[in-house]
Amino acid sequence: MLDLKYIRENIDAIRQMLKHRKTEADLDRLIELDSQWRDNLTHTQTLQAHQNEVSQQIAERKKAKEDATETIAEMRKLSQEIKERTAEATELRVEIDSILLMIPNMPEETTPVGTSEDDNTEIKTWGDKPSYDFELKPHWEIAEQLDIVDFQRGAKVAGSNFVVFKGLGARLERALIQFMLDLHTTEHGYTEISPPFLANRPTMTGTGQIPKMESDMYRCDRDEENPETDLFLIPTAEVPVTNLFADEILPVDELPIYYTAYTPCFRREAGAYGKDTRGLQRIHQFDKVEMVKFTTPEASYSEHESLLENAESVLQALGLPYRVVQHCTVELSFAAAKCYDIEVWAPAGEKFLEVSSCSNFEDFQARRANIRYRPEAGSKPEFIHTLNASGTALPRVVIALLETYQNPDGTVRVPAVLQPYMGGLKQIG
RNA sequence: GGUGGGAUGGCUGAGUGGACGAAAGCGGCGGUCUUGAAAACCGUUGUGGCGCAAGUCACCGUGGGUUCGAAUCCUACUCCCACCGCCA
């Protein structure tokens, strides 16, 4: 969430940002409400100051055994007026907040202005696309022939775009999770977290999934009376992990904090029907290892670069060629100020697949979740910067592995770094 | 699922409707003393909003209510703790 004061003072920049993001928000209404709210507040507080003063006088008179019935009668009227005005102020504030929660983050200055993914900037490529002297099979064919993924039965027990990993397929999932967690904890200094896979409404709001993207979330435990207690299946570990420090003030010497977590991720993919539906590319539940950083504002952009390197190292270790692109304004997710995507090469489909989004949210999430730090002892708390990157999303890595390391006979080689996690197995099939 | 207890500042913990943004202790910060440190002593130490400012308002789990006035009374809810039942 953006600072209301900042919006008030930079209204033109906000309008331009919305245009660049192709998003709408009722700024005119916001400005009007803000002005009304402040007028109301100032006046109400003057009345309250008077009320406090007279209440003191009543107390003193009573102590002196003097009569105060007349004053009390007057105050009864004032009290009523204050009650009405504060109720108005609360209403205004609720509407202000509902608009504020729908305004996306300001893009960081290097973010290219663009209208489609074609305007993303390619930052780098790594590895050479391999060439083959036989016809490549798509990953779903390989997976079905090896009997390591069961698409049919996934659909039967849950629905379309749910899959079942089986045998060495399930083992491969487990191996990848463990490999990635080990890499980040032992090589990159992250602390492993195993968070809840469900999150409540304030938590989902803190990272920005709600209210704007609520229809993309799986919701369970709906309680009309207590919407705060609604539980959602997490769409990413970012949600519970970032919110670990909600409403806290962290000592500066604990920063930066690096956390990594494996979780399944649940996404309804509302509005994505018919898009990339074949195979493992877009499924409602998938495994992911996530990295989350909490830093000072000064350090956040250098931390962003090292975060990207940490995510890249996964693909490098697996020997999978990839490229890094920087999101343009229209591709940038709601809460992000700057975002790199890492896209792995899938040789059979001959396309790049997003396996990691590496984002700096600056203080956008911190303001929503109220995560602060104290720059030095005795100073005022300030909002922290939060960042995260997938490290990485598994199904698309599996796609790249199956397609890249396939042999003409349909078997698949296991990269060296994964072999220890596969019981020494060098080949699937 | 049942019964009981609880929620107050960074922590522990007081708080008869007006003295309370809140005692006391611990911790933190600054200082005195010391070659240095510890101890002792002195001082200081919550957050947010509006306002150019002076200032002012709000906040004792959350939301309602009673009252001229609520940390304190009423009410609903949430969370935590303990025990019983059930359970991987």
Side-chain angles (χ1 to χ4, degrees), chain A residues 1-9 30-100 194 196-206 220-232 240 243-255 257 363 366-384:
Chain A
M1 170 161 78
L2 296 176
D3 184 12
L4 180 55
K5 202 179 285 180
Y6 174 84
I7 296 176
R8 196 184 290 150
E9 289 163 6
L30 180 67
I31 296 302
E32 187 194 324
L33 289 166
D34 176 48
S35 149
Q36 284 179 18
W37 172 70
R38 283 187 295 157
D39 286 350
N40 179 308
L41 202 64
T42 316
H43 189 192
T44 306
Q45 291 186 348
T46 312
L47 298 181
Q48 281 176 317
H50 184 235
Q51 183 185 42
N52 289 342
E53 197 184 322
V54 177
S55 287
Q56 281 301 322
Q57 290 168 8
I58 292 172
E60 278 158 32
R61 270 201 231 175
K62 288 220 166 183
K63 205 175 282 176
K65 309 269 190 215
E66 288 172 30
D67 182 61
T69 36
E70 204 171 306
T71 318
I72 288 176
E74 278 170 37
M75 291 306 285
R76 195 168 291 159
K77 267 187 254 167
L78 180 63
S79 171
Q80 193 53 38
E81 191 185 347
I82 289 173
K83 210 163 276 184
E84 282 161 18
R85 285 186 164 275
T86 45
E88 274 173 38
T90 306
E91 262 177 54
L92 289 167
R93 189 64 220 197
V94 165
E95 200 180 339
I96 287 170
D97 287 340
S98 72
I99 295 176
L100 276 182
S194 181
F197 299 163
L198 283 84
N200 58 26
R201 194 168 277 278
T203 299
M204 295 288 284
T205 308
C220 34
D221 237 32
R222 184 176 188 176
D223 183 347
E224 301 286 357
E225 303 273 316
N226 294 299
E228 295 286 286
T229 63
D230 281 352
L231 285 173
F232 297 81
N243 280 283
L244 288 176
F245 297 119
D247 298 314
E248 293 191 33
I249 299 172
L250 301 169
V252 71
D253 54 308
E254 283 180 22
L255 301 177
I257 294 171
D363 64 6
R367 186 172 276 111
R368 288 178 160 239
N370 192 27
I371 308 172
R372 292 173 296 174
Y373 77 105
R374 208 179 288 282
E376 51 191 291
S379 67
K380 287 274 171 199
E382 285 176 24
F383 289 114
I384 219 165

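If you're wondering where the values come from, they're calculated on a predicted model, not measured in any experiment.
- Residues satisfying the salt bridge (charged side-chain N to carboxylate O under 4.0 Å, His left out) test with A:Arg201, not counting sequence neighbours, are A:Glu214, A:Asp230.
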What pairs of donor and acceptor atoms, side-chain ones from residues 247-255 of chain A against any protein atom, are under 3.5 angstrom apart with sequence neighbours left out?
from     : atom 1 : to       : atom 2 : distance (Å)
A:Asp247 : OD1    : A:Asn370 : ND2    : 3.2

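- Not counting sequence neighbours, A:Arg76 has no partner by the salt bridge (charged side-chain N to carboxylate O under 4.0 Å, His left out) test.
- For the P atom pair drawn from B:G6 and B:G10, the interatomic distance equals 24 Å after rounding to whole Å.
- Among residues two or more places apart in sequence or in another chain, the salt bridge (charged side-chain N to carboxylate O under 4.0 Å, His left out) test is passed with A:Glu95 by A:Arg29.
- For the pair A:Trp37 CH2 and B:G49 C1', the computed distance is 6 Å after rounding to whole Å.
- Distance check on atom C1': B:U8 versus B:A23 gives 12 Å, rounded to whole Å.
- A gap of 33 Å separates the P atoms of B:A22 and B:C33, to the nearest Å.
- For A:Lys77 and B:C68, the shortest distance from a side-chain N or O to OP1 or OP2 is not below 4.0 Å.
- To the nearest 0.5 Å, the span separating CD on A:Glu88 from CG on A:Asp39 amounts to 11.5 Å.
- Contact check for A:Glu91 versus A:Leu33: no side-chain heavy atoms found under the 4.5 Å cut-off.
- Separation of the C1' atoms belonging to B:G17 and B:G49 is 27 Å when rounded to the nearest angstrom.
- A distance of about 13 Å separates the C1' atoms of B:A70 and B:G15, rounded to the whole Å.
- A:Leu30 contributes atom CG, which lies 5.5 Å from atom CD1 of A:Ile7 (distance to the nearest 0.5 angstrom).
- Residue whose closest nucleotide on RNA chain B sits further toward the 5' end, between A:Thr71 and A:Lys380: A:Lys380.
- Residues from residues 78-94 of chain A that place a heavy atom under 4.0 Å from any atom of RNA chain B, listed by number: A:Ser79, A:Lys83.
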Subject >> Sugar-phosphate or base contact per nucleotide [nucleotides 51-63 of chain B; S, B, -; heavy atom under 4.0 Å] >> reply: S----SBS-----
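- Near RNA chain B, defined here as any heavy-atom distance below 4.0 Å, there are no residues from residues 247-254 of chain A.
- Between A:Val54 and A:Glu74, the closest side-chain pair of non-hydrogen atoms is not below 4.5 Å.
- With both ends at atom P, the span from B:C26 to B:C42 equals 11 Å, rounded to whole Å.
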Can you tabulate the close N/O pairs, meaning under 3.5 Å, that link protein atoms to atoms of nucleotides 76-79 of chain B?
from  : atom 1 : to       : atom 2 : distance (Å)
B:C77 : O3'    : A:Asn226 : ND2    : 3.4
B:C77 : O2'    : A:Asn226 : OD1    : 3.1

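- Side-chain contact check for A:Asn52 and A:Ser55: no donor-acceptor pair (N or O, by modelled atom type) lies under 3.5 Å.
- With rounding to the nearest 0.5 Å, the separation of CD in A:Glu382 from CD1 in A:Ile371 is 15.0 Å.
- One finds the CD1 atom of A:Ile82 at 14.0 Å from the NZ atom of A:Lys77 (value rounded to the nearest 0.5 Å).
- For the pair A:Arg374 and B:U47, the criterion of a side-chain N or O lying under 4.0 Å from OP1 or OP2 is met.
- Residues A:Ser379 and A:Ala73 both approach RNA chain B. Their nearest nucleotides, taken by heavy-atom distance, put A:Ser379 toward the 5′ side.
- Closest heavy-atom contact between A:Arg368 and A:Thr205: NH1-O, 2.8 Å.
- At the heavy-atom level, A:Arg372 lies under 4.0 Å from the strands shown only through sugar-phosphate atoms.
- For A:Gln57, there are no side chain to side chain donor-acceptor pair (under 3.5 Å) partners, not counting sequence neighbours.
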Residues 41-50 of chain A side chain polar contacts: donor-acceptor under 3.5 Å, at least two apart:
from    : atom 1 : to      : atom 2 : distance (Å)
A:Thr42 : OG1    : A:Arg38 : O      : 2.6
A:His43 : ND1    : A:Arg85 : NH2    : 3.2
A:Thr44 : OG1    : A:Asn40 : O      : 2.7
A:Thr44 : OG1    : A:Asn40 : OD1    : 2.9
A:Thr46 : OG1    : A:Thr42 : O      : 2.9

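- Comparing the C1' positions of B:A7 and B:U45 gives an interatomic distance of 24 Å, to the nearest angstrom.
- Within the model, atoms CD1 of A:Ile257 and CG of A:Leu244 stand 9.5 Å from one another, a figure rounded to the nearest 0.5 Å.
- Distance check: A:Leu231 CG to A:Leu198 CG gives 5.5 Å after rounding to the nearest 0.5 Å.
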Original post:
How does RNA chain B read in dot-bracket, base by base from 5' to 3', with Watson-Crick or G-U pairs under 3.5 Å and | used when the partner is on another strand?
Top reply: ((((((((.[[[..)..(.....]]]((((((.......))))))(((((....))))).[[[[[..)....]]]]])))))))....
Between protein and nucleic acid, restricted to nucleotides 15-21 of chain B and to nitrogen or oxygen atoms under 3.5 Å apart, what atom pairs and distances do you find?
from  : atom 1 : to      : atom 2 : distance (Å)
B:G18 : N2     : A:Ser55 : O      : 3.1

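- One atom, CD of A:Gln36, and another, C1' of B:C50, lie 16 Å apart when rounded to the nearest Å.
- Only the C1' atoms considered, B:G55 is 23 Å distant from B:U44, to the nearest whole Å.
- Within 6.0 Å of CD on A:Glu70 lie no more than 12 heavy atoms contributed by other residues, nucleotides or ligands.
- Residues A:Lys62 and A:Ile72 meet the side-chain proximity criterion, which asks for heavy atoms closer than 4.5 Å.
- A donor-acceptor contact shorter than 3.5 Å links the side chain of A:Asn243 to the backbone of A:Thr203.
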